[in-house]
Amino acid sequence: MNLPGIETLVKAPFAEGDVFIVGRWCAAEDGRTFPVHDPATAELIREVSAAGPGDAVAAVDAAQEAAAGWRATPPRRRSEVLHTAFALMREHTDTLARLIVLENGKAYRDAVAEVGYAAEFFRWFAEEAVRIGSSFGDAPGGGFRHVVRRHPVGVTAFVTPWNFPAAMATRKIAPALAAGCPVLLKPAPDTPLTALAIAALLSEAGLPDGLLNVLPTDRAPEVVSVWLRDERIRKFSFTGSTATGRKLLEQAAANVVNVTMELGGNAPFIVLEDADVDAAVRGAMDAKMRGGGEVCIAANRFYVHQSVAAEFTEKFAAAMTAVRAGAGLEEGVTLGPMINRTAVESIRSLVDDAVGRGAKVAARGRVPEGPGCYHPATVLVDVPEDARIMNEEVFGPVAPLATFADEDELVARANATVHGLASYIYSRDVARALRLSERLESGMVGLNRGLLSDPAAPFGGVKQSGLGREGGREGIEAFLETQYIALDWPAG
């Protein structure tokens with residue numbers, strides 16, 4: 001099955017429907033569909049099959065049926081499938097990137113970067129698949145042996161967001177398949193087409209039927225609740241808001257389902273007095289504007305030492321003003337539309353609240369006229385700590401700046417949030433910056449670097465930013481159970 005071209009994918013990529021179960025494309029059991037729109041124009045891309053509870057049960061049945069065979073498949077073979085998927089994603093980079101731009105809206109360069117990032121999860125976990133091992137040793141007290149083995153946790157269910165429709169899918173799918181687990185995936189209703197394309201690629205890569213089942217839908221609670229009530233589901237992974245994560249954790253608790261949660265963020269971006277200001281501005285643009293700011297680890301609050309605040313603000317404001325907004329496929333565009341009108345209104349309300357509390361607009365870029373879901377790149381200064389934008393995830397191209405003088409005060413302000421996903425520090429004094437990093441309540445820190453995600457590194461947060469880690473060696477651990485065998489044998 002070759003991946004269709006972009007024109008085919010957006011018109012009618014799969015003849016019978018868009019629900020992918022047991023390696024076949026089918027319509028939703030009740031025939032329902034939902035619309036997917038282009039956020040750059042607000043135009044309908046097409047109607048997509050809307051899976052329901054019956055489809056959810058069928059997907060679990062398919063995964064359970066396929067589980068034993070995949071569990072018994074040699075790790076080398078599982079690795080080969082993932083390596084092939086990596087190669088196919090790279091081969092189809094342009095098609096996948098254009099698909100992401102169409103349904104998500106991000107600039108083409110960001111979409112190309114996402115495809116590369118997403119593909120790397122297949123390569124990384126292809127290599128980790130063959131490193132799952134067991135251990136054998138003598139009991140310290142003597143007399144018998146310890147055998148410790150690892151085996152797949154079982155059927156896994158995933159819910160992924162719209163902001164990285166390729167990478168958030170592969171970051172979960174790749175380690176699960178590498179560990180020997182079948183997968184159920186419910187992509188975000190704003191961006192289902194990319195997930196369907198990835199399913200087509202994995203099928204072409206040789207993944208046996210039933211091991212990846214994709215259920216696009218706009219009725220997520222009906223589908224996900226079926227999965228979480230099913231005792232055959234042994235692993236659940238969710239990326240999304242903290243509020244939704246709390247509700248899903250309550251449901252998962254009923255069957256004591258193993259969960260991974262990557263939830264909201266409120267990342268501080270700290271510029272110390274000894275920072276290279278030009279480097280800090282470049283890092284700020286990376287940390288704030290990647291994906292239009294619709295990123296969980298995006299810099300959300302900027303704390304700049306008062307001695308360099310004027311220089312940083314001037315240069316950062318100039319960089320933000322120079323951002324070109326427009327449809328993601330237009331030449332030179334670096335800021336695409338937001339995902340929908342609701343997102344735009346949410347961002348505007350945070351800006352209005354900050355200005356109402358005394359903040360000033362230091363920079364505001366331009367956006368195209370028309371029906372698209374655009375918000376300008378914006379810099380706010382003199383933002384008070386009680387402004388909502390300092391306490392809520394903005395998820396857009398707005399940067400609120402505040403100053404500080406004392407490091408202890410800075411740490412208290414940076415940590416004064418229920419979130420703890422990412423932080424950023426710029427300083428020429430690496431030893432000081434490392435000490436400061438250790439004081440921040442954050443799962444990840446970018447030190448003199450505005451981009452910190454890497455498939456080879458553990459991604460995740462502390463506090464209410466989530467549970468568990470994805471990526472790195474830790475990423476495959478979430479899909480493995482540990483079994484201990486006390487071994488003895490009769491004397492010969």
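Between Phe404 and Tyr303, the distance from one ring center to the other does not fall under 6.0 angstrom. The ring of Phe238 has its center no closer than 6.0 angstrom to the ring center of Trp227.
For the pair Glu409 and Arg413, the salt-bridge criterion is met [side-chain N within less than 4.0 Å of a carboxylate O]. Looking at Asp286 and Arg449, no side-chain N of the basic residue comes within less than 4.0 Å of a carboxylate O on the acidic one, giving no salt bridge. A salt bridge links Glu477 with Arg150: the distance from a Lys NZ or Arg NE/NH1/NH2 to an Asp or Glu carboxylate oxygen falls below 4.0 Å. By the 4.0 Å N-to-carboxylate-O rule, Asp110 lies too far from Arg290 to be salt-bridged with it. Salt bridge annotation for Lys106-Glu294: absent, with no cationic side-chain nitrogen under 4.0 angstrom from a carboxylate oxygen. A salt bridge links Asp408 with Arg439; the closest basic N to acidic carboxylate O contact falls under 4.0 Å. A salt bridge links Arg348 with Glu345: at least one charged nitrogen is closer than 4.0 Å to a carboxylate oxygen.
A cation-pi contact, defined as under 6.0 Å to the ring centre and within 45° of the axis, links Arg98 to Tyr108. A cation-pi geometry, defined here as NZ or CZ lying under 6.0 Å from the six-membered ring centre and within 45° of its normal, does not hold between Lys288 and Phe269. A cation-pi geometry, defined here as NZ or CZ lying under 6.0 Å from the six-membered ring centre and within 45° of its normal, does not hold between Arg131 and Phe125.
With Glu441 contributing its side chain and Lys463 its backbone, the two residues share no donor-acceptor pair below 3.5 Å. Using a distance-only test at 3.5 Å, with no hydrogens or angles considered, a donor-acceptor pair links the side chain of Asp18 to the main chain of Ser49. Thr378 places a side-chain N or O within donor-acceptor distance of the main-chain N or O of Pro376, the cut-off being under 3.5 Å. Proximity of a side-chain donor or acceptor of Glu481 to a complementary backbone N or O of His151 within less than 3.5 Å is not detected. Between the side chain of Arg32 and the backbone N or O of Ala50, no donor-acceptor pair lies under 3.5 Å. Panel note: side chain Glu470, backbone Lys172; no donor-acceptor pair is recorded below 3.5 Å.
Side-chain polar atoms of Thr191 and Thr194 form no donor-acceptor pair below 3.5 angstrom. When only modelled atom types and interatomic distance are considered, Thr156 and Arg234 share no side-chain donor-acceptor pair under 3.5 Å.
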_Run the side chain to side chain contact (heavy atoms under 4.5 Å, CB included) test on Ile233 and Val60 for me, step by step, so that the C-alpha distance in whole Å, both residues' side-chain angles and the decisive distance to 0.1 Å come before the verdict._
CA-CA 8 Å; Ile233 300 297; Val60 180; 4.1 Å; yes
*Check the pair Met390, Val383 against side chain to side chain contact (heavy atoms under 4.5 Å, CB included), reporting the backbone distance first and the verdict last.*
CA-CA 8 Å; Met390 300 297 278; Val383 183; 3.7 Å; yes
*His37 vs Ile45, side chain to side chain contact (heavy atoms under 4.5 Å, CB included): CA-CA, chis, key distance, verdict*: CA-CA 5 Å; His37 294 92; Ile45 298 173; 5.6 Å; no
*So Gln251 and Arg229, side chain to side chain donor-acceptor pair (under 3.5 Å) or not? Walk me through it.*
CA-CA 8 Å; Gln251 294 181 51; Arg229 288 197 304 265; over 6 Å; no
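No more than 12 heavy-atom neighbours from other residues, nucleotides or ligands sit within 6.0 angstrom of CZ on Arg24. Crowding of Arg232 atom CZ: a count of heavy atoms from other residues, nucleotides or ligands under 6.0 Å exceeding 12. The 12-atom threshold is not exceeded at CD of Glu65, counting heavy atoms of other residues, nucleotides or ligands nearer than 6.0 Å.
Note: Trp25 and Phe20 have tilted aromatic rings, judged against thresholds of 30 and 60 degrees for the angle between ring planes.
Ser442 pairs in a side-chain contact (heavy atoms from CB on, under 4.5 Å) with only one of the listed residues (Pro268, Ser423, Ser465), which is Ser423. For the side-chain hydrogen bond (donor to acceptor under 3.5 Å, both in side chains) test with Asn266, the passing option among Arg301, His419, Glu392 is Arg301; the others fail.
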